[in-house]
Undergrad: 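Input: one structure, supplied below.
Note that the structure is predicted; figures quoted are calculated from it, not measured.
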Amino acid sequence: MIRVFEKEGIYQFLINDPFPPVDFQFQGKASDRTLKDFDLRLEEGEGLIIVKSLDIRDHILGLGEKAFELDRKRGRYVMYNVDAGAYQRYSDPLYVNIPFLIVVRMGIATGYFMNSASKLVFDVGREHYDEIRITIPEDSMELFVFEGPTIEKVIERYSLVTGLPFLPPEWAFGYMISRYSYFPDRHIIELLDLMKEEGFPVSAVFLDIDFMDQYRLFTWHPTRFPNPREFLEQAHSRGVKVITIVDHSVRADQNYEVFRSGLGNYCETEKGDLFVGKLWPGFCVYPDFFREETRRWWSELVTRWVEQGVDGIWLDMNEPTDFTTLHRMRQMKDLQLRETPFTYVFPEGVVHRVRGRVVKHEKVRNAYPYYEAMATYEGVRKAREEVFILSRSGYAGIQRFAGLWTGDNTPSWEHLKLQLQLVLGLSLAGVPYVGIDVGGFQGREFPEIDNSPELLVRFFELAMFFPFFRTHKSKDGVDSEPIFLPSKYKEKVRRVIETRLRFLPYLYSLAEEAHRTGHPIIRPLFYEFQEDEDSYRVEDEYLVGRSLLYAPLMGREDTRDVYLPGKWANFWTGKSAEGWIKSTDELPIFVRMNSIIPLSNNDLLVFGDGEFQYKDIKISSESNKISLSRPSYVGKVVLFSGNESKQVNVHSITSLVKIDQVTEA
């Protein structure tokens with residue numbers, strides 16, 4: 001039995017009697033459309049298989065955080081959140097799994113979203129050359145189809161169903177620092193002062209698990225942070241926000257008030273017993289975030305925690321991860337047993353209560369971080385107007401409550417391009433606030449690790465326009481804060497941070513756009529140039545909004561080839577270029593024709609002739625002439641004429657004049 005509903009280019013297929021992990025409450029009218037209308041067919045066996053034809057020139061995009069090329073054709077992908085650890089290229093699955101696929105056929109994009117949080121498998125022309133086969137281990141299914149024709153329109157419609165992204169505060173786009181772990185409190189303040197003295201403004205500092213007392217959630221270590229309020233005040237007086245990690249593991253300790261207050265809200269076994277697992281605190285229990293009453297209890301804990309002056313929450317280990325199986329393997333001392341990311345999932349027999357039903361964990365696993373983020377978001381919002389939440393794991397709709405980062409990456413040259421692919425994959429899955437651990441998280445455990453200043457600088461350069469911009473390092477890793485670099489490399493990082501801050505108004509305008517529309521902030525080239533076949537294989541460049549293209553250096557060389565679809569201007573010289581070019585810039589930034597970009601200090605950058613508008617400022621540009629419609633404007637207009645850039649310092653221009661006739665008022 002299949003029922004179909006539609007609304008404004010969105011089609012909902014209810015196959016048999018689905019009980020989706022997240023009820024996105026789509027309200028459509030009955031439709032006579034069929035699966036066949038969207039080139040789909042259904043096979044039944046042990047679960048369901050959705051089949052779609054795969055043409056030779058199709059481009060298959062999406063699926064979120066996948067360590068593969070952005071065109072997913074000829075791959076097989078498992079959707080199951082795991083603690084991926086030191087993952088590498090083609091490791092699968094990773095921390096975040098979003099079963100949302102975009103097919104571009106003959107220049108037309110169509111989206112497909114399987115609202116299932118179980119272990120789906122997407123085979124994209126690997127087993128069958130001419131088919132996409134999606135295996136769902138269930139006998140019922142909720143499927144959404146989103147019409148295009150553009151990739152952007154598909155993502156807009158996907159976001160209307162799963163939720164528009166939250167809007168992070170402006171400080172969340174600054175440079176942030178983290179380590180596993182900073183302590184005691186006086187050393188953190190000393191580090192912040194050193195960073196400021198050397199000209200590296202820090203917007204926020206993250207505290208990893210060692211700030212807690214015996215890894216008990218919502219506590220401070222008594223000797224490392226003896227006076228938390230004073231520490232928070234000292235950080236705030238320096239203009240620095242404080243973000244604390246919060247795991248999902250509640251220490252099973254009858255003397256621990258949080259544990260006692262949550263009784264009745266924790267995950268259980270099929271027999272009705274309390275599921276007691278193992279994580280950092282030792283024996284611990286896990287909130288069953290699928291229950292509404294659990295989310296209320298958790299949000300109250302978060303509210304009280306944030307009210308003391310904590311500025312944001314960092315959700316980690318929330319795939320969810322558990323070490324029960326790992327401990328059993330180590331006790332057995334069987335050399336034949338090998339750890340994999342699946343070693344760290346919940347053991348069999350754990351259940352959740354989902355909207356009044358008892359459901360096995362493996363059927364809804366991927367949605368666990370979604371509900372945790374939901375409860376955390378509500379808790380933060382009760383305490384403060386600005387909400388900042390970062391999550392390691394997620395499911396469709398996570399963008400409503402949190403941003404994501406790519407987890408425990410490695411400081412290796414191979415990881416540079418991989419990190420860009422992962423971030424762009426998450427962006428295409430409807431999550432605009434994304435980033436990486438700049439410098440790589442892993443320490444010194446693997447032979448491919450390179451702790452050279454050259455590689456650290458390349459990581460900073462790669463992430464210069466990533467919305468989330470943070471250095472983070474494991475306990476056994478070298479210090480990745482730029483003040484510890486030799487002067488030559490320190491200056492390179494300083495230029496990266498200064499350039500990022502110069503573009504901060506533009507970045508934040510894109511965050512506001514994402515909040516309204518669901519558009520990604522950073523984008524692969526094919527997002528804007530869907531009919532350009534070359535753009536689908538360019539994975540070492542990225543767009544920042546529609547108006548900026550960045551081609552970071554990915555190797556030890558100081559030059560690189562850059563592909564510019566359409567007409568662009570070099571940000572540093574103002575000279576126009578298009579097609580394949582050789583770049584010698586250390587930070588190759590290009591501005592798109594017919595663009596206006598807001599910069600810091602109230603400056604505006606304009607490329608092209610015509611009418612441009614940013615907020616309430618209108619600019620006319622015509623043959624090296626400009627006019628502004630807002631007499632009160634004070635700032636600088638940088639006009640790219642195509643061969644050079646010309647700057648005009650103005651208090652007001654109300655009529656069209658040649659720019660060489662204007663002087664600073």
Undergrad: side-chain hydrogen bond (donor to acceptor under 3.5 Å, both in side chains) with N97: which of K119, R365, E65, K66?
TA: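 That would be K66.
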Undergrad: For A204, give me all partners under side chain to side chain contact (heavy atoms under 4.5 Å, CB included), at least two apart in sequence or on another chain.
TA: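 A204 satisfies side chain to side chain contact (heavy atoms under 4.5 Å, CB included) with W171, M176, K241, I243 only.
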Undergrad: Less than 4.0 Å between a side-chain N and a carboxylate O, is that true for R444 and D476?
TA: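 No, this pair does not count.
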Undergrad: Could you tell me whether a side-chain N or O of D71 sits under 3.5 Å from a main-chain N or O of I60, the two making a donor and an acceptor?
TA: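 The answer is yes, because a donor-acceptor pair under 3.5 Å joins these two groups.
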Undergrad: Counting N and O atoms only, with roles assigned by atom type, does the side chain of D540 sit under 3.5 Å from a partner on the main chain of K417, one being a donor and the other an acceptor?
TA: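 Such a contact is absent between D540 side chain and K417 backbone.
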Undergrad: I'd like to know if the side chain of Y180 reaches the main chain of H472, judged simply by a donor and an acceptor atom lying under 3.5 Å from each other, with no hydrogens or angles considered.
TA: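 No.
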Undergrad: Check this for me: does any side-chain nitrogen of one of D322 and K278 sit under 4.0 Å from a carboxylate oxygen of the other?
TA: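 Salt bridge flag = no for K278 with D322.
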Undergrad: Less than 6.0 angstrom separating the ring centers of F401 and Y370, yes or no?
TA: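 Yes: the rings meet the under 6.0 Å criterion.
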Undergrad: Mark yes when over 12 heavy atoms from residues, nucleotides or ligands other than K196 sit less than 6.0 Å from its NZ; otherwise mark no.
TA: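 Atom NZ in K196 is not packed in, count stays at 12 or less.
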Undergrad: Would Y433 and F173 count as a close aromatic pair, with their ring centres under 6.0 Å?
TA: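 Yes, ring centres under 6.0 Å apart.
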Undergrad: Can you see whether F183 has R224 sitting over its ring - NZ or CZ less than 6.0 Å from the centre and within 45° of the normal?
TA: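 Yes; both conditions hold, so R224 lies above the ring face of F183.
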Undergrad: Between R72 (side chain) and G62 (backbone), is there a donor-acceptor pair under 3.5 Å?
TA: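 The answer is yes, because a donor-acceptor pair under 3.5 Å joins these two groups.
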Undergrad: Centroid-to-centroid, W314 to F206, below 6.0 Å?
TA: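 Distance test on ring centres: under 6.0 Å, yes.
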Undergrad: Kindly assign one of parallel, tilted or perpendicular to the pair Y371 and F290, based on the angle between their ring planes and the thresholds 30° and 60°.
TA: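 The arrangement is tilted - the two ring planes meet at 30° to 60°.
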Undergrad: Run the salt-bridge test on R458 and D450 with the 4.0 Å N-O cut-off and return the result as yes or no.
TA: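 No salt bridge links R458 with D450.
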Undergrad: Does the pair K490/E198 count as a salt bridge with the N-to-O cut at 4.0 Å?
TA: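 Salt bridge flag = yes for E198 with K490.
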Undergrad: Sub-3.5 Å donor-acceptor pair from the side chain of R500 to the main-chain atoms of M464, do we have one?
TA: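 Pair found, side chain donor or acceptor close to backbone of M464.
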Undergrad: Please find out if less than 6.0 Å separates the ring center of F346 from that of Y286.
TA: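 Yes - the distance between ring centres of F346 and Y286 falls below the 6.0 Å cut-off.
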Undergrad: Hey, are E539 and R89 close enough for a salt bridge, meaning a charged N less than 4.0 Å from a carboxylate O?
TA: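 Answer for the salt bridge query: no.
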Undergrad: Between Y368 and E319, is a side chain to side chain donor-acceptor pair (under 3.5 Å) present by the stated rule, with each step listed?
TA: CA-CA 7 Å; Y368 187 92; E319 290 72 33; over 6 Å; no
Undergrad: So, H515 side chain and P165 main chain: donor-acceptor pair closer than 3.5 Å or not?
TA: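 Yes; at least one donor-acceptor contact below 3.5 Å.
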Undergrad: Where the side chain of T303 meets the backbone of G379, is there a donor-acceptor pair that is under 3.5 Å apart?
TA: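 Flag set: sc T303 to bb G379 pair under 3.5 Å.
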Undergrad: Return yes when atom CZ of R384 has more than 12 non-hydrogen atoms of other residues, nucleotides or ligands closer than 6.0 Å, and no otherwise.
TA: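 Yes, because the 6.0 Å sphere around CZ of R384 holds more than 12 heavy atoms from other groups.
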Undergrad: Do D288 and H352 come within less than 4.5 Å of each other through their side chains, counting heavy atoms only?
TA: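 Sidechains of H352 and D288: in contact.
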Undergrad: How are the rings of F218 and W305 set relative to one another: parallel (under 30°), tilted (30 to 60°) or perpendicular (over 60°)?
TA: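 Geometry flag for W305 against F218: perpendicular rings.
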Undergrad: Fit a plane to each ring of Y158 and F113, take the angle between them on a 0 to 90° scale, and name the class: parallel (under 30°), tilted (30 to 60°) or perpendicular (over 60°).
TA: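 Y158 and F113: perpendicular rings.
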Undergrad: Looking at Y506 and V544, would you say the former's side chain and the latter's main chain have a donor-acceptor pair under 3.5 Å?
TA: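 Yes; judged by distance alone, with no hydrogens or angles, the pair exists.
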Undergrad: Quick one: does R76's side chain have a donor or acceptor within less than 3.5 Å of a partner on V124's backbone?
TA: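 Checked: no pair found.
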Undergrad: Is K473 salt-bridged to D479, going by a charged N under 4.0 Å from an acidic O?
TA: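 Result for this pair is no, no salt bridge flagged.
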Undergrad: For this output row, return yes or no: ring centroids of F68 and Y90 closer than 6.0 angstrom.
TA: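 Ring-ring flag for F68/Y90: true, centres closer than 6.0 Å.
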Undergrad: Does a sphere of radius 6.0 Å around CD in E512 hold more than 12 heavy atoms from other residues, nucleotides or ligands, not counting ones at 6.0 Å or beyond?
TA: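 Enclosed.
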